[in-house]
Structures are given as structure tokens and as C-alpha cells.
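In what follows, chains are A, B, ... by sequence order, proteins preceding strands, each numbered from 1. On a predicted model such as this, the values are computed, not experimentally measured, just so you know.
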Amino acid sequence: EPEVTQTPSHQVTQMGQEVILRCVPISNHLYFYWYRQILGQKVEFLVSFYNNEISEKSEIFDDQFSVERPDGSNFTLKIRSTKLEDSAMYFCASNTGEDEAFFGQGTRLTVV
Amino acid sequence: AQSVTQLDSHVSVSEGTPVLLRCNYSSSYSPSLFWYVQHPNKGLQLLLKYTSAATLVKGINGFEAEFKKSETSFHLTKPSAHMSDAAEYFCVVSDFMDTGRRALTFGSGTRLQVQP
């Protein structure tokens, strides 16, 4: 069964460093998403991506964040200069639009 | 704009008793609605979905939900709770935003506890 894969599963980084979280969405999907979940809090929308551009983004998704689809398979989230409050579980998801989103297992980012 | 309200942040039931997790939504268009479950330290797993077909939707592990447009609700139910059902449950709406693009909006989640 097709699935969304995320790498790495855990990432520890020092404050101020850049991190790139990687995702491989399901191959025939058109919409890609990043969500985050700070420990003990709700799942928050960061950004959606369609047709090689950002279609929606939340207030959280400031200039420190960027997304890219560098080739036909990967979808990446970059945080330019990490802050302690960026520590969270980051989920990637994809879908064709109307149907359910398929989520990856998440990347746990810890900023120290 | 779309929004999702999960009316209970915590629900506690006894094993073998019914489960009801409530969800109300607002949407300007015709939404698709989903319930996802998240077990501790795990990812998000789809339980069931409504995408404009039958209003009573059956999902995995004995869960079902009924889409009621007049009440703008999509409550999740299960006749008999099992210990393994203890998890966080998220109601999610997928709809067109004002930009004409689709987006997913999560409810704040309901933590289900199952007592032996």
C-alpha cells in the first residue's frame, strides 16, 4: 500500500542551525502539506503546496520557514534558524484534493 | 473560512460502554470530513471519511460517524469501547478556501480514556 515517508524520524539540532525535514508523498498525489504538533498541543497547519507553489500558509509559517519540491518525489520543509519553540513533531501529508490526506509517521525535531 | 470544533477535550468511558466524540464544523462549501486517531508516540491514522456519499460512514475498528448537514455535525461513535481505543482523536475538514484552493483544518483533538 502506498504511504508517505518522512526522514529522519528524530532530529536534534542546536538553536540557530538550519534543518531540513524530508518527505516523500504518494506519487500520484497533487496536494502536499506540513503540520506540526508541539508536545501536548493540537495539530497545527503550517503550509499547503499545489502545482509547485504554496497555496495556503498559516501565521506560524513565517520567513524562517520554506518548502520546496526539488524533484518529482521529495517535498521538504526548511527551517532557516531554529528556535527552541520550533521543537515539535512535524507531519507531512499528501492527497489528491477531495479524499483523505495520508500522513507520514512524523519527524520529531528537538532544538537544544 | 472553515473551522472545526471538537466539543470535548477529554472523554472517559468504561470498557464495553459506548463512545461518543463530538465534532461540529463550519464550511462555506461542500466539505469532506475525516476522523483520525493518534496513539501515543505514533502518527495519524485515518479512521473514516465522508466525501458526499452515504451520510453514515463506517470506519476501522468498529467506529462510525454520521454526517448531519442540518446540524453541521460529524460525531464519532462506537458501540463498545476497547482498552486499545485509548488515544487522541482528531476531526478534520477538507474544503475550498476563499483562494479556491483546498486546505485541511484540524479540530483541537479529544483524548479518549478507557477505564477497565
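The contact between B:F90 and chain A is made entirely by side chain atoms (from C-beta outward), counting heavy-atom distances below 4.5 Å. Using a 4.5 Å cut-off between heavy atoms, A:Q6 does not touch chain B at all. The contact between B:L44 and chain A is made by backbone and side chain atoms together, counting heavy-atom distances below 4.5 Å. For chain A, the nearby part of B:Q38 is the side chain; its heavy atoms alone come within less than 4.5 Å.
The number of heavy atoms from other shown groups lying within 6.0 Å of CG (A:D71) is above 12. Annotation: A:Q14, atom CD; neighbour count of heavy atoms from other residues, nucleotides and ligands within 6.0 Å does not exceed 12. Other residues, nucleotides and ligands contribute at most 12 non-hydrogen atoms within 6.0 Å of the CZ atom of A:R22. More than 12 heavy atoms of other residues, nucleotides or ligands sit less than 6.0 Å from atom CD1 of B:I60.
B:K58 meets the side chain to side chain donor-acceptor pair (under 3.5 Å) test with B:E64; sequence neighbours excluded.
Using a 4.5 Å heavy-atom cut-off against chain A, the contacting residues of residues 107-116 of chain B are B:G107, B:S108.
A side-chain donor from one of B:S26 and B:S3 sits under 3.5 Å from a side-chain acceptor of the other.
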From CA spacing to verdict: side chain to side chain contact (heavy atoms under 4.5 Å, CB included), A:Y31, A:T96: CA-CA 6 Å; A:Y31 290 80; A:T96 61; 6.0 Å; no
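Chain B forms more heavy-atom pairs under 4.5 Å with one residue of A:Y35, A:F91, A:F102 than with any other, namely A:Y35.
Taking the six-membered ring for Trp and thresholds of 30 and 60 degrees, B:F74 and B:W35 have nearly parallel ring planes, at less than 30 degrees apart.
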